[in-house]
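To find a chain, count down the sequence lines: A is the first, B the second, and so on, and within it residues start at 1.
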2 protein chains.
Amino acid sequence: MIRVGINGYGTIGKRVADAVRDQPDMEVVGVAKTRPNFEAEQAVERGYDLYAAIEDRAHQFAESGLETAGLVDELVAQSDVVVDATPSGVGAENRALYEEYDTPALYQGGEDAEVADVSFNARANFDAARDADHVRVVSCNTTGLSRLITPLKEQFGVEKVRATLVRRGGDPTQSDRGPINDIVPDPITVPSHHGPDVNTVIPDVDIDTLGLKVPATLMHMHSVNVTLAEDVDAEAVRDALRGEPRLWLIDDSLGIETTADAKEYAMDRGRPRGDVWENAVWTESVNTEGRDLYLFEAIHQESDVVPENVDAIRAVTDADTTAEESVRTTNQAMGVDLGGE
Amino acid sequence: MIRVGINGYGTIGKRVADAVRDQPDMEVVGVAKTRPNFEAEQAVERGYDLYAAIEDRAHQFAESGLETAGLVDELVAQSDVVVDATPSGVGAENRALYEEYDTPALYQGGEDAEVADVSFNARANFDAARDADHVRVVSCNTTGLSRLITPLKEQFGVEKVRATLVRRGGDPTQSDRGPINDIVPDPITVPSHHGPDVNTVIPDVDIDTLGLKVPATLMHMHSVNVTLAEDVDAEAVRDALRGEPRLWLIDDSLGIETTADAKEYAMDRGRPRGDVWENAVWTESVNTEGRDLYLFEAIHQESDVVPENVDAIRAVTDADTTAEESVRTTNQAMGVDLGGE
């Protein structure tokens, strides 16, 4: 069993913990948190050993009636690998801690690429993380783009990608963020940093991205153009994408027309926290004009990187499992079942 | 003086009436409305003769204390040209009325292109409307794209345009419309109808568009990619666009970062109803990657077609005025002063 520690138990950390516990070849050593709140209460409720991330605040957990198993250092020492799911920038500060205990670590996409030896997406570059000690799982948007571009590149050849990322203003609980009733170029400068981030996992693709923020919290929306190497029939593209494990080609007959519909469907299916781990691609939107492919896909910012973190754990610690085997195991254990086989 | 009747006194009609009244060579014969409300009250307050658009409801105006000058037929009979600013689809039904009195008519972009002999944008095809009796002024989004594409086409050559239109869900008063907290592909099928609509005024441009709706009311946002005929320096593009009368290249130093900022600035400048008649182009966003030009522009859906309607009136009725002269006269009279000379 691969012994996994989770440092940071917020939006990503709590989901990774559950996904890791569901795996047949992994166990959760414990989770670390800076302070008590409803998520810490739920960590204990779910049976995870809770570690205090900040020594000076450790007493707050006891004061809130939450038992802790020790400090984060002990968690790191006991783990075969640590998933750092702390807020952007904190992961980089934590690297010294993981090095001190010689524990391999995964970081999230909010960190600069330089925090790690390699950036990771299971579909794009699983093997690049083999034997790496510090691996960055790329962000939700980059994950979504990488899952889409890789099969297109393999099957049809990609001359250029141009994508407009219409991003949710904040997650559902981040109600102190904007925008309200506005459409915000973010960043105003074009192209945005998302394209270069895709290049950290797919170096040889020409991609320009533009970013916007809007008053929504449920999912991001990508308006994607891919100029393919040759004229391709739209149905051939749909068929190719339908075969991909983490691409959900939304069947027109479901009547799923918005990000809210996609989330509602995930909840109706009984998914934990209503998560949509797959890229939600509107099949009806997948069309070609000559070599130009267009489509809309929605990306669930809170969860699409979770199966990627699980795969990254295997890439770093298990030399025998292939990318395909890992993705299959992860998906079956989690219930990532809306994509292809 | 060109005698102009306005049929329909809502979002567009009321603005066109004011813009026409401001012109040195035009006068407003009157405005027609289906029923009394605050806009009808303001029409009378502003001194416009008010005509009843529906005979059966004409008595409602008197009951609301609003004096009418007659029925819409009389307005049409007295006018040299009628601007039809009725809701989408109603314009087509009104065509027979205009034909009955042999009065040339302008329609709005919500109508199908087939309603008119020619579709119109002052920058793209002013002369095409010469001597036409039925002219359609293209929609706000098509107007914005046409103003941008035409100078690029003339100065650099355009190989292909790809644009994602992130559209406001409704106008500020349309608070019964959605979406709320959602991002909606609209239409889901790609490409959208907006590209073909641009082709009604610029036939020979290759353009694909994608449409989305978001929870905002102030302006549309266009994420635009134009593949130019050759490599062009971004500053050369900015210079070319700066010379265009209805393109507002937003100066970085103004700190205008969102559609709300652009609207606030228009209000601070004392513009009627806070209108932004120009395309609001973020100068900082105008960049090139080889032949690929990218930029963000915001489009004020309530007002950008207003100066175009004024120009269309001249194109139809005044054989002596050139496109450039008309645009200059319209802009000076209205105060369209954020664009180039």
Side-chain angles (χ1 to χ4, degrees), chain A residues 160 162-169 172 178-191 195 206 208-221 223-225 227 234 250 252 256-261 263 282-290 292-298, chain B residues 160 162-169 172 178-191 195 206 208-221 223-225 227 234 250 252 256-261 263 282-290 292-298:
Chain A
K160 180 143 194 175
R162 303 170 185 87
T164 296
L165 313 182
V166 183
R167 294 154 52 217
R168 96 304 180 223
I180 293 175
N181 193 28
D182 207 347
I183 308 173
V184 182
D186 181 41
I188 294 178
T189 51
V190 176
D206 187 4
D208 294 327
T209 52
L210 300 92
L212 291 165
K213 278 192 309 193
V214 300
T217 66
L218 303 177
M219 299 178 86
H220 298 299
M221 181 72 73
S223 171
V224 182
N225 162 241
T227 305
I250 301 172
D252 303 351
I256 291 173
E257 299 185 343
T258 76
T259 67
D261 288 339
K263 283 283 294 162
W282 274 272
T283 305
E284 213 182 331
S285 78
V286 178
N287 274 300
T288 52
E289 297 281 323
D292 274 317
L293 165 69
Y294 298 94
L295 60 82
F296 289 119
E297 63 174 5
Chain B
K160 180 144 194 174
R162 302 170 186 88
T164 296
L165 313 184
V166 183
R167 294 153 51 216
R168 96 303 181 227
I180 293 174
N181 193 28
D182 206 348
I183 308 173
V184 182
D186 182 41
I188 294 177
T189 50
V190 177
D206 186 5
D208 294 328
T209 51
L210 300 93
L212 292 165
K213 278 192 309 193
V214 300
T217 66
L218 302 177
M219 300 178 85
H220 298 299
M221 181 73 73
S223 171
V224 182
N225 162 241
T227 306
I250 301 171
D252 302 352
I256 291 174
E257 298 185 342
T258 77
T259 68
D261 288 340
K263 283 284 295 163
W282 274 272
T283 306
E284 213 181 333
S285 77
V286 179
N287 274 300
T288 52
E289 297 282 323
D292 274 319
L293 165 68
Y294 297 96
L295 61 82
F296 290 119
E297 63 175 4

Which residue out of [options] racks up the most heavy-atom pairs below 4.5 Å with chain A?
options                                : answer
B:Lys263, B:Glu284, B:Arg162           : B:Arg162
B:Asp182, B:Thr283, B:Asp208, B:Asp292 : B:Asp182
B:Asn287, B:Thr259, B:Val286, B:Val166 : B:Thr259
B:Thr189, B:Asp186, B:Asp261           : B:Thr189

Spacing of B:Leu212 atom CG and A:Thr258 atom OG1 [to the nearest 0.5 Å]: 12.0 Å

Structural part of B:Thr209 lying under 4.5 Å from a heavy atom of chain A: neither

Side chains of residues 213-220 of chain B: which donor-acceptor pairs under 3.5 Å do they make with residues two or more places apart or in other chains?
from: B:Thr217; atom 1: OG1; to: A:Asn181; atom 2: OD1; distance (Å): 3.3
from: B:Thr217; atom 1: OG1; to: A:Asn181; atom 2: ND2; distance (Å): 3.0
from: B:His220; atom 1: ND1; to: B:Arg168; atom 2: N; distance (Å): 3.3

Contact check, side chains of A:Met221 and B:Thr164, non-hydrogen atoms, under 4.5 Å: no

Looking only at heavy atoms, which two atoms of [X] and [Y] are closest? And how far apart?
X        : Y        : answer
A:Leu210 : B:Ser223 : CD2-OG, 3.5 Å
B:Pro185 : A:Phe296 : CB-CD1, 3.6 Å
A:Glu257 : B:Val184 : O-CG1, 4.1 Å

Stepwise side chain to side chain contact (heavy atoms under 4.5 Å, CB included) test for A:Lys160 and B:Asn225: CA-CA 12 Å; A:Lys160 180 143 194 175; B:Asn225 162 241; over 6 Å; no

Under 4.5 Å from any heavy atom of chain B - which part of A:Pro187: backbone

